[in-house]
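Notes to accompany the following structure.
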There are 2 protein chains.
Amino acid sequence: MSNIREVARLAEVSVATVSRALQQPELVSVKTRNKVLAAVKQAGYQPNLLAVKFRSGKSHNLVVLVPTVANVFFARVISGMQEAAQQRRYSLLLGNTMADDNAEIAYARLVQTSQADGLIQLRAFDPFATLDMTTERLPMVNACEVLDKAPCPVVTLDNRAAAMAMTEHLLSLGHRNIAMIKGPARSPLTRDRVAGYRDALDAAGVAFDETLLCPGNFTLQSGHQATAQLLQRKQRPTAIFCENDEMAIGALQCLKQHGLKVPEDISVAGFDDISFAAFSDPPLTTIAQPAEEFGRTAVNLLIDVLEQKLTLLPKVILPFELVLRGSTGPVKMSEPATDTPAVHLT
Amino acid sequence: MSNIREVARLAEVSVATVSRALQQPELVSVKTRNKVLAAVKQAGYQPNLLAVKFRSGKSHNLVVLVPTVANVFFARVISGMQEAAQQRRYSLLLGNTMADDNAEIAYARLVQTSQADGLIQLRAFDPFATLDMTTERLPMVNACEVLDKAPCPVVTLDNRAAAMAMTEHLLSLGHRNIAMIKGPARSPLTRDRVAGYRDALDAAGVAFDETLLCPGNFTLQSGHQATAQLLQRKQRPTAIFCENDEMAIGALQCLKQHGLKVPEDISVAGFDDISFAAFSDPPLTTIAQPAEEFGRTAVNLLIDVLEQKLTLLPKVILPFELVLRGSTGPVKMSEPATDTPAVHLT
DNA sequence: TTGTACGCGTTATCAT
DNA sequence: ATGATAACGCGTACAA
């Protein structure tokens, strides 16, 4: 690979002039500039950006920590990140961490060792916590699933309000026996959505029944499994609210296998509005999240932090939308009858 | 950030000794080594890998060009890449290119400018072609959709054989009127799958009807659209073979909306075996591809090229598997009747 | 075993 | 407007 010295030699100028001709052309006479450009062409010169980065101390790389790229929602978020990063001339280093703390810490080292300038975390975990960072401003943004006291800018969605909106929708259809398939127990995201669910129940004067909460892990399979468990209850729920669309689609299949019709026999709701949600049978009622916007915003916030364009630690809350499709409907008329099962007390 | 000089000062040794103590500890006396390690700790020293990379001329980054990360199949491939890259201590730079040649060329510049050591391309396009690269061995691997005369190692699947296998399956069920929803026209992948489809037809002595080939673009929507078109034909196909699962799931919905039952009225087959394929209604018959293995193999091949462990240009062909689920079934008995429509020749 | 000194490719500072 | 040179942080050849 030819270097700036070779170009200088060909153009019969100094390396400084070559650098200037390329970086601040206005400082160089037209004549010299053309000579330089010709030499650049002749030498097939490409500035070694590794050297530029080394000298400037900025890698112009951003690490993205994503629990699983194979998750459709995250894939959309990454799409948005990619778009924003490209516009601002940064590159994205992908870290597929399988939600493993140690893997995430390892990726955070990329920042510590100057291979990346900052990091975007999509999970509620601070990989820098153990890694004594000297910088005052943590070069990090937390998106989607957000730390409770995040030491960095945050971009999120009012998960509590969204879950409340969905639950209110189900309540308005007459459902009183609403199950919820949750995400991992410790996740703040799960906690907030459960809280919103309770909010709606409380507001409607419906008793909260903890046994209607079923754990899941955001996969199709877990939605199927959790639903199977719910169907073993003596009293079947009339609606299932899943914390993401994958689990809802898993639920739909399980219900079908048990001969239940959606929404006639039971309603199902999801969360995220992934592309498959509109193509399930029936199409899924869900909460639409602006996934790409999450990504774009996170990247822009991070770059703002890095370029010191930010004074405070912003908390951006993106809007959600309740998307009504065919998977939710009025509760069955006959249902209230079974609501008080004929149990003989012994 | 503290540097190697500060550590040297603290340990009261030279910078060379510090470097050695960390890189080749066996060359340094135990006593000195401990002194150095203590100083490292005290200074909170982290080697600046940007400097290391600059000096070595190797970025240890790999660019991945993916048409759309939002595609479930590609997301799985990337997962596999990530895994292999991590193991071999490389990082992945993600390039979401929307199948735009110029965007891909821009990403290839990352290699030209030493920001990345090599590139993995998932599409049949050589971004280096216009970018006179001086290196003899192109630092590139082509995976999934492969260039016809790829100037680099290749990892692919026998798409022709796979499409033939699926078509044979449909033929064996009695289907003679099999439509195909294709990918983009120019793609070699599409071409190979169509060829396999024809192979099977020819072998069975079934006439090939070009009008049964319908263009799509691998999205759910395009599968839906293409199916709607197919249903307008005077003579409805008895089976639809889609070139990926998303389009097949789109097809399923369209058929349902037209009141057709799958597989009783019409069979549907996909390609890829994404997770959603097992959860559609009915579950999708499809060709399973080892997506993660694609990613792992591509990364390992590329690193082998970079580290000159490769003499030839290997062509790795991964296995596929015909996965039979509920979306394909025997052709309707009544169908052959309409097979010879009562057309009056004028 | 350890230290000195150079070089990687670029940009910035200071002269001219 | 242009040139000479130092500096970035590190690894290593060579010298001691």
Side-chain angles (χ1 to χ4, degrees), chain A residues 1-40 43-61 89 109-117 134, chain B residues 1-40 43-61 89 109-117 134:
Chain A
M1 205 59 101
S2 64
N3 60 23
I4 199 171
R5 254 188 309 279
E6 186 179 339
V7 176
R9 198 173 46 72
L10 284 170
E12 296 175 302
V13 295
S14 71
V15 291
T17 302
V18 174
S19 179
R20 273 189 296 253
L22 298 174
Q23 305 305 319
Q24 300 131 318
E26 67 279 6
L27 295 184
V28 173
S29 76
V30 181
K31 196 176 141 204
T32 318
R33 197 189 310 163
N34 288 335
K35 247 195 325 189
V36 170
L37 293 179
V40 163
Y45 170 67
Q46 293 285 132
N48 180 336
L49 290 192
L50 217 42
V52 174
K53 289 174 169 186
F54 161 60
R55 189 164 197 300
S56 68
K58 310 264 168 231
S59 68
H60 261 232
N61 288 156
R89 315 229 148 237
R109 284 246 162 68
L110 292 177
V111 176
Q112 234 190 353
T113 58
S114 302
Q115 298 185 79
D117 299 338
T134 47
Chain B
M1 207 59 104
S2 63
N3 58 23
I4 200 171
R5 255 187 311 278
E6 186 178 341
V7 176
R9 197 174 45 72
L10 284 170
E12 296 175 306
V13 295
S14 72
V15 292
T17 304
V18 175
S19 180
R20 275 189 293 253
L22 298 174
Q23 304 305 320
Q24 300 129 317
E26 67 279 6
L27 295 185
V28 174
S29 76
V30 181
K31 197 176 139 204
T32 317
R33 197 190 310 165
N34 288 335
K35 246 194 328 186
V36 169
L37 293 179
V40 163
Y45 170 69
Q46 294 284 135
N48 180 337
L49 290 193
L50 216 42
V52 174
K53 289 173 168 186
F54 163 61
R55 192 180 190 291
S56 68
K58 310 262 169 236
S59 67
H60 261 232
N61 288 157
R89 313 229 149 237
R109 283 247 162 69
L110 292 177
V111 177
Q112 232 189 355
T113 58
S114 302
Q115 297 184 79
D117 299 340
T134 47

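All values reported here derive from a predicted model rather than from experimental measurement. Numbers restart at 1 for each chain; the letters A, B, ... are given by sequence-line order, proteins then strands.
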Do you know which two heavy atoms are closest between B:Ala116 and B:Ser59, and how far apart they sit?
->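 The answer is CA-OG, 3.1 Å.
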Round to a whole Å and report the spacing from [atom1] of [X] to [atom2] of [N].
X: B:Gln24; N: D:dT12; atom1: CD; atom2: P; value: 6 Å
X: A:Arg5; N: D:dT5; atom1: CZ; atom2: C1'; value: 12 Å
X: A:Glu6; N: C:dC8; atom1: CD; atom2: P; value: 13 Å
X: B:Phe54; N: C:dT11; atom1: CZ; atom2: C1'; value: 11 Å
X: A:Ile4; N: C:dG7; atom1: CD1; atom2: C1'; value: 16 Å
X: B:Lys53; N: D:dC10; atom1: NZ; atom2: P; value: 14 Å
X: A:Leu27; N: D:dG3; atom1: CG; atom2: P; value: 14 Å
X: A:Leu50; N: C:dC8; atom1: CG; atom2: C1'; value: 10 Å

CG of A:Leu50 to CG of B:Leu110: how many Å apart, nearest 0.5 Å?
->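 Nearest 0.5 Å value for the CG-CG distance: 11.5 Å.
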Distance, nearest 0.5 Å, that separates CZ of B:Arg89 from NE2 of B:His60 =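 Between B:Arg89 CZ and B:His60 NE2, I get 10.0 Å after rounding to 0.5 Å.
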Could you say whether A:Tyr45 or B:Lys31 is positioned toward the 5' end of DNA chain C, judged by the nucleotide with the nearest heavy atom to each?
->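 Its nearest nucleotide lies further toward 5', so the answer is B:Lys31.
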May I ask you to list the residues of residues 9-20 of chain B, by number, that have any heavy atom positioned under 4.0 Å from an atom of DNA chain C?
->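 Here the set is B:Val13, B:Ser14, B:Ala16, B:Thr17, B:Arg20.
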Test item: [X] and [Y] side chains (from C-beta on) under 4.5 Å apart, heavy atoms:
X: B:Thr32; Y: B:Val13; answer: yes
X: B:Leu49; Y: A:Ser114; answer: no
X: B:Leu37; Y: B:Leu22; answer: yes

Distance check: side-chain N/O of A:Asn3 vs OP1/OP2 of C:dG9, anything under 4.0 Å?
->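 Answer yes for this pair, as a side-chain N or O of A:Asn3 is under 4.0 Å from OP1 or OP2.
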Nearest-neighbour nucleotide for the A:Val28 side chain, D:dT2, D:dG9, D:dG11 considered |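 Minimum distance to the A:Val28 side chain belongs to D:dT2.
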Report yes if a donor N or O on one partner sits less than 3.5 Å from an acceptor N or O on the other, where the partners are the side chain of B:Arg55 and the base of C:dC8; otherwise report no.
->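 When only heavy-atom distances are counted, B:Arg55 does not reach the base of C:dC8 through any donor-acceptor pair under 3.5 Å.
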Is a donor on one side and an acceptor on the other found under 3.5 Å between the side chain of B:Arg33 and the backbone of B:Pro25?
->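 Yes: the side chain of B:Arg33 pairs with the backbone of B:Pro25.
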